[in-house]
2 protein chains.
Amino acid sequence: MAEVSAPPTRRLEILSAAAELFARRGYHGVSIGDLGRAVGLTGPALYRHFRGKEALLAEMLLDISERLLTEGRRRVAAADTPEVALDALLRWHIDFALDNPALITVHTRELGSVPQPERREIRRLQRAYAEEWVRVLLLMHPEAAEDRARAATHAAFGLLNSTPHSTGELDRDTMATLLHAMASEALTGAFRS
Amino acid sequence: MAEVSAPPTRRLEILSAAAELFARRGYHGVSIGDLGRAVGLTGPALYRHFRGKEALLAEMLLDISERLLTEGRRRVAAADTPEVALDALLRWHIDFALDNPALITVHTRELGSVPQPERREIRRLQRAYAEEWVRVLLLMHPEAAEDRARAATHAAFGLLNSTPHSTGELDRDTMATLLHAMASEALTGAFRS
DNA sequence: GTCCGATGTTAATCAACGTTAACAGCGACC
DNA sequence: GGTCGCTGTTAACGTTGATTAACATCGGAC
């Protein structure tokens with residue numbers, strides 16, 4: 001009764017396992033057989049859930065991009081000042097990256113493996129998400145050039161998205177606080193001089 | 001007379017083209033045929049220069065790791081204070097990343113595609129390079145935990161290595177200065193509180 | 001109780017890939 | 001001027017991979 005539509009639990013299970021494998025070995029380094037085996041099926045069974053390997057990747061990246069953008073926009077809209085907005089964006093991105101290291105890894109690496117036209121759509125979403133950051137930064141530094149704000153944003157993403165490569169020596173809260181501090185300072189430093 | 005040994009220009013040409021392709025499409029996304037074509041040869045011609053595709057990748061990553069470590073160590077040894085050492089490391093890494101965006105990309109992504117035992121050796125070199133940074137940071141902040149210094153180092157790497165993804169809107173000098181400022185501030189902020 | 005759609009399986013197809021074999025040109029050195 | 005090593009080529013081989021076909025099971029709707 002609570003479930004209005006069919007529970008596509010298998011799809012999600014596959015997507016989750018695929019994210020893990022793609023993050024570890026790269027899209028081309030993982031076969032359909034590997035993906036099936038990871039969820040206790042044979043390779044061809046995946047075609048009951050996805051149109052093909054590329055479609056699976058496309059759906060995964062599309063979902064990530066949409067989640068990042070939607071919640072990012074929501075938080076910016078809810079903020080009263082650019083400073084608060086930036087803080088909210090930082091917390092959102094850090095939470096997402098710490099909760100979904102595999103997704104972040106795939107998201108930053110495998111765009112090139114997605115076929116058109118999904119590729120274009122994903123790029124659009126990624127850019128829109130980045131532009132939220134740029135917009136906030138420009139509100140905080142009205143005299144700054146857009147170019148600089150964009151470059152600073154990408155550098156901050158690089159810093160935040162490095163989490164998966166830090167072999168979890170710090171506990172989650174400490175790591176979140178550290179990343180927040182470092183990215184904050186970096187983004188401030190980007191507009192001094 | 002100036003050339004003591006044979007000039008292996010073809011090898012370097014291939015390695016350079018391979019770096020570009022691996023960075024763009026990933027190791028598994030590039031075929032031997034692609035690599036040959038990129039330097040005006042057929043696929044099998046590559047076997048005159050490398051034992052195979054994996055050996056080519058291994059040599060590439062090994063070379064990068066060695067260059068980073070050697071010059072990093074040199075600069076740290078030449079510095080009188082940790083502050084000067086950190087500045088020197090930052091400049092070195094930024095120069096390397098801006099001059100060799102493809103190499104940096106492959107270096108951070110494709111370790112997993114290198115077979116043992118080269119993989120272990122590359123990891124060792126990468127770790128040793130990171131430890132140079134950690135050592136300098138701990139000299140600057142003797143009270144800090146090693147874990148934190150290591151995590152901060154990896155985050156800084158993420159920031160610096162993001163260059164290839166910033167679609168070169170800023171000119172090189174501006175970008176170098178921006179990255180230096182952001183990474184400096186980030187690494188300082190990592191040890192406040 | 002039957003039918004059917006959803007979800008699996010195994011077997012088959014076809015292309016692509018890494019690698020090796022067999023052969024050719026060519027320039028250096030005796 | 002002949003030989004040889006270096007660096008190419010094309011053809012062939014064996015494997016793997018994505019995808020499709022043909023067939024099985026099973027649970028719920030009528």
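Keep in mind the model is a prediction, meaning the values are calculated, not measured.
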For [X] and [N], give me the distance from atom [atom1] to atom [atom2], rounded to whole Å.
{"X": "B:Tyr47", "N": "C:dT19", "atom1": "OH", "atom2": "C1'", "value": "5 Å"}
{"X": "B:Ile32", "N": "C:dA15", "atom1": "CD1", "atom2": "C1'", "value": "18 Å"}
{"X": "A:Leu57", "N": "D:dA18", "atom1": "CG", "atom2": "P", "value": "13 Å"}
{"X": "A:Phe50", "N": "D:dT20", "atom1": "CZ", "atom2": "P", "value": "16 Å"}
{"X": "A:Ile14", "N": "C:dG8", "atom1": "CD1", "atom2": "P", "value": "7 Å"}
{"X": "B:Glu13", "N": "D:dT7", "atom1": "CD", "atom2": "C1'", "value": "13 Å"}
{"X": "B:Tyr27", "N": "C:dC17", "atom1": "OH", "atom2": "P", "value": "13 Å"}
{"X": "B:Glu54", "N": "C:dT19", "atom1": "CD", "atom2": "P", "value": "7 Å"}

Exercise. Do A:Phe157 and A:His107 have ring centres separated by under 6.0 Å?
Worked result: no
Side chain of [X] only, heavy atoms from C-beta on: which candidate in [options] is closest?
{"X": "B:Arg10", "options": "D:dT20, C:dT9, D:dT7", "result": "D:dT7"}
{"X": "B:Ser31", "options": "C:dC17, D:dT19, C:dT9", "result": "C:dC17"}
{"X": "A:Thr42", "options": "C:dT10, D:dC23, D:dT9", "result": "C:dT10"}
{"X": "B:Pro44", "options": "D:dT20, D:dG8, C:dA21", "result": "C:dA21"}
{"X": "A:His49", "options": "C:dG8, C:dT19, D:dG8", "result": "C:dG8"}
{"X": "A:Arg48", "options": "C:dT9, C:dA22, C:dT19", "result": "C:dT9"}

Salt bridge flag under 4.0 Å for residues [X] and [Y]:
{"X": "B:Arg75", "Y": "B:Glu71", "value": "yes"}
{"X": "B:Glu169", "Y": "A:Arg148", "value": "no"}
{"X": "B:Arg91", "Y": "B:Asp87", "value": "yes"}

Problem set entry | A:Arg11 (side chain) donor-acceptor with A:His49 (main chain) under 3.5 angstrom | yes
For this session: Report which part of the nucleic acid B:Val30 touches: base, sugar-phosphate, or nothing (heavy-atom distance under 4.0 Å, all strands).
Result: sugar-phosphate
Problem set entry | Closest-nucleotide ordering on DNA chain D, the 5'-leading residue of A:Gly33 and B:Gly43 | B:Gly43
